[in-house]
Amino acid sequence: MKKYQEFKQVDYPKIGEDVLAFWKNNAVFEKSISNREGAPSYTFYEGPPSANGTPGIHHVMARAIKDVFCRYKTLKGFQVKRKGGWDTHGLPVELQVEKELGITKEDIGKKISVEEYNQKCRETVMRYKHEWDNLTEQIGYWVDLDDPYITFDVKYVESLWHLLKKLYEKDLIYKGYTIQPYSPAAGTGLSSHELNQPGSYRDVKDTSITAQFKVKGEEDLYILAWTTTPWTLPSNSALAIGEKLDYVKVKTFNPYTFAPQTVLLAKARMSAYFNPKGAEADLSAYKPGDKVIPYQVVEEIKGKDLIGMKYEQLFPIDALALPEPAFTVISADYVTTEDGTGIVHLAKAFGADDFRTLVQQDVPGIFLKDEKGMEIPIVDKKGKFLPVVGEYLLSKMEEHSIQVHKTFTADDFYVKNYTHDDENDKAYKSTDVIISIILKNENKAFKVEKYEHSYPHCWRTDMPILYYPLESWFIKTTAYKDKLVAFNKTINWKPESTGTGRFGNWLENLVDWNLSRSRFWGTPLPIWRNKEGTQTRCIGSVAELEAAIEESIAKGYMKESPYKGKEVDLHRPFVDDIVLVAENGDKMFREPDLIDVWFDSGAMPYAQWHYPFENEEIFKANYPADFIAEGVDQTRGWFFTLHTLAVMLFDSVAFKNVIANGLVLDKNGNKMSKRLGNAVDPFKTLKEFGPDALRWYMLSNANPWDNLKFNKEGVVEVQRRFFGTLQNTYNFFALYANLDAFAYDAANVIPVNERPELDRWILSKLQSLIKETETAYENYDITPASRAIMNFTVDQLSNWYVRLARKRFWRGDMNADKQAAYETLYECLEVIAGLMSPVAPFYSDWLYQNLTSSLENKTLSVHLTDWKPSNEALINLSLENSMQLAQDISSLVHSLRKKERLKVRQPLQKVLIPVLNAETKGLIEHVEDLIKSEVNIKSIEYIDDTSDILVKSVKPNFALLGKRFGPKMKAVNQLIQQWGKEEIAQIEKEGQVEISIDGEAATLKLEEVLIQSQDIPGWSVATDNGITVALDVTLSTELKEEGIARDFVNRIQNFRKDMGLEVQDKIRIHIAPLNATVDKALLNFSDYIKTETQALGLTLDGDSNNSTVLDMDEFELAVKVEKV
RNA sequence: GGGCCUGUAGCUCAGGUGGUUAGAGCGCUACACUGAUAAUGUAGAGGUCCGUGGUUCGAGUCCACGCAGGCCCA
């Protein structure tokens, strides 16, 4: 009866399917969790994917990473619950629906009701759930798909509202503004994706000014700053320099007023502003109107030395006066010397960079107050200067007699041509031009010119957009910056640089989290306000909302609840219809925004359990997460929102360990895209290779945080090299174990210390492997773990252990030696199945079940076993060293044989191995037999110091001597290189030698030099790794005869195979006599030949007519083989 | 423009704290072995360690500045 199933060929995809079916039928996943009831829990959070698109090959990688550690920790005895989840809100969903319905955002609420639209979104969002579930199953990602959290679920949203209210109560939510693209012509903000529509950016010619800002307390020193939006200059409140850039003060004249002055700009930008001829011109000889304006650099200054310099306001309008530290030079990291002056003008209201920089450095911006006391920019929402500025400009136009195409009032200064004035009118002057002329006249402009650049336009009106402050709701994350940074330092990031760099730097430069999105499908902001914005209420639960509705109905603001007679839905439009009562009795309306969809996913630790309304115990037991993993692109997405909510609301991290994996690119390193057709279909790939090789390839090829250049060839290689070898090894075991009716019985194994050396060696290696793998998994390093398993399997187990132990398996009957071999190989295979199971869950389980199928009390699946810790007592490093020497020496002998053209079948008398110390000699002696049989040599002789034939060489031990001698190392090296026999002998004998370096005496110790044997004159020698081997190539008669005999065995074996004989079939051999040498050789070794070939008889009574002719290279032999 | 990652053989990747012959697998070529056989072994060819400077007795490794590719953010 065959106890171990044998396989002619393996179908890896089929193994995947079979094992998957087995898991399903036996509820193995469920058991892997229920088995650990009461055990410590290891918490994993699933970052929710969005199922409105099909999964790609990169999802295989991301999901495999998650799976590996959940499986590993289960083996280690933890209970690992993993709840699946779906991300269902957000812009991508809406865009897809818009596209399918053929509508734009404008049409929502007009051509289609918000209710219908959102219904459509809800239907779309799970469209590909089936494919996702399929992929998840097929790649063996164990996650609970039956009870996932879904972010549009009313319970989920209710938890979000609860968290928002908590933030609100902590005074961490406020209404403010950010600088966003805004179209005054259309009267609406534009999203970044609207701005990225083709055709939005257009090349336009604008008036650009290099303005002069007069430095306070200096006679005639001006800072130069360049802008393509002169209309923002009245809003200037600071100038920014680059700290590392070089600046110069240049003495020259103003080209418009001809006044003598000194200007400040970046050194690298001088060529853009000065005619080189001016450098040679005489400053004192300058006359107003001269074409060449002389200049002279009077001082060079580092950017950082300019910080804090004060200057006068460019447009000194009384209403726009600002306190300190306005009108100061500050630094900003984005300042360059690519264009302009290397000094950037900052207007807080009209540039996102400007805004951020000024907020971070606490510099006020130019704003006015409206009737409600709210700050407003000096350009209104129509794109027109407020009258305060208009009056100033009007008076300056009069003062400087500026002639224009129409009569201006103070309320006419549009910053772009939104009034469609005729630009071809000769007298047409834009506001930018008017500002330029004023500045020119007032010695405040250094250069004015038309400048062509790319500028964004509104796709609806074709008019230029402005960057403009728009109202938004914010979470005051900056208030918790220090805590966010401190908690981040306790998180174990893989790779570390993503935590300290990408994420850490982002936290250091934190701005408040802009929560508002003006869209339709998402979690509504649960904030109601009265018209004046003086009364605000934040709703934190469904119950609270319903009570508030009742209140409102009682007050007569609402007729009835929108949820009357149906389920509560917290989405738009239902919540929009709810009017609440303020404390002062005012009507309150919901703020129309949705919240950022990242809040949804960042709140999943709480909302997935409907915390705090339900499941408080489960939540607490599973918080924070021990482990999460997502792509590095989530750094500012999910990783950030998880972290922020945890720190701000729960004074905790949300996750302790995180892997941020890289991208999956195509094999040429290009981004995969469906459009380019280079995307790899995960389902096809799975069909071709099965799940295990795919997972193994993706995780072992390179660290997961490096981008993976996905190449099918790589999967093929992994499959062939690792899985193929492992499969071969198993098949080898199964074949012979079945022949010998061997069955592993853990209760009756031969104790390891009674097993042969080779067995103890591979078991020692195996324990080392367990240790190595465990350490790697514990450090969240999959790649080193999988590589170690692969190398052990291929190099140590298959190519060395099995190769050397082969004969033990097929020679003779069952005995202790044979049993030890079976047991050892079995134990190795079983351990490998366990070690590899997190990465290759299907194949490992299949292997495990094949191995254990005959056991009485077997465990159902490898995934339900316990991690078998490394048994330190079995680790024998000196044995491992010995074996390493055996491998090295064998390799050297092989290379010598190759050089001498002596095939391994030809036995040779001896090798000489020089050994310089007793320890090495002992190590080699240990494995002498092994080496002899491996390379077919009769004896090994050692040459030690007492023999004269050894030639040694010496070189310094640089690591030791370098530290000691430092700069004198060159001389020491030279000296040592010149040593001959005597010096080497002396240091070996006395352990030290006196030397003299640059006249100074010093003592060199033996360990400070490296002595190697180099050559044995007159022998064929090979050296590697400090080991030298010499081969005796003389062939005695007996050796020749043995060579012939072994050759003969080889031919007979091949012949047997050709005859189709089974391993156990017996034969008789009849040879036609050839000549004395050959006949004698065959007779002398007839016993050997008979044993090897399973021959009962070997006789020289063949008949050349009735035989097969064997080609023996140097001669031919007529032989007849008959089956007995 | 900023932050971070990557750059070592034709390809995919290793190369703690700097130490003098830079490694592995695949691929290629040749040879061998052969009761694991659609397996295996050995050898050979193949390197400006992205570049330029610097620190050092000594740099693939440390520092600076670049170049190329990628991601995120502007």
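Each chain gets a letter, A, B and so on, in the order the sequences are listed, and its residues count up from 1. Worth knowing before you read on, the calculation uses all heavy atoms, side chains too, and leaves out hydrogens, waters and symmetry mates. Everything numeric in this text was worked out from a predicted model, so none of it was measured.
Taking the P atoms as reference points, B:rC11 lies 31 Å from B:rG3, given to the whole Å. Comparing the same atom, C1', in B:rU34 and in B:rG70 gives a spacing of 48 Å after rounding to whole Å.
No hydrogens or angles considered: a donor-acceptor pair under 3.5 Å links the side chains of A:Glu6 and A:Asn738.
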Which is it for A:Phe639 and A:Trp493 under the ring-ring contact (aromatic ring centres under 6.0 Å, His included) test, yes or no, and what are the steps along the way?
CA-CA 11 Å; A:Phe639 295 153; A:Trp493 282 86; 5.5 Å; yes
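Taking atom CG of A:Asn973 as the reference point, atom P of B:rG58 lies 13 Å away to the nearest angstrom. We find that CG of A:Asn711 is positioned 17 Å from P of B:rG10, with the value rounded to whole Å. Rounded to whole Å, the distance from CE on A:Met790 to C1' on B:rU12 is 11 Å.
Contact annotation: A:Arg720 reaches the phosphate of B:rG27 (side-chain N/O to OP1 or OP2, under 4.0 Å). Residue A:Arg502 has no polar side-chain atom (N or O) positioned under 4.0 Å from OP1 or OP2 of B:rG3.
Within the nucleic acid shown, A:Ser798 comes within 4.0 Å of at least one base atom, counting heavy atoms only. Here A:Val794 lies out of heavy-atom contact (under 4.0 Å) with every strand. Base contact: A:Lys963 has a heavy atom under 4.0 Å from a base atom. Residue A:Gly962 is classed as a base contact, given a heavy-atom separation below 4.0 Å to a base.
A:Thr793 places no side-chain N or O within 3.5 Å of a backbone atom of A:Ile832 that could act as its donor or acceptor partner.
Separation of the A:His58 and A:Phe710 ring centroids does not fall under the 6.0 Å cut-off.
For A:Arg905, the side-chain atoms get nearest to B:rC33 when compared with the rest of B:rC26, B:rG2, B:rC33. If you check B:rU40, B:rU6, B:rU42 against the side chain of A:Ser891, the one that comes closest is B:rU42. In this structure, the nucleotide among B:rA36, B:rA74, B:rC72 sitting nearest to the side chain of A:Asp633 is B:rC72.
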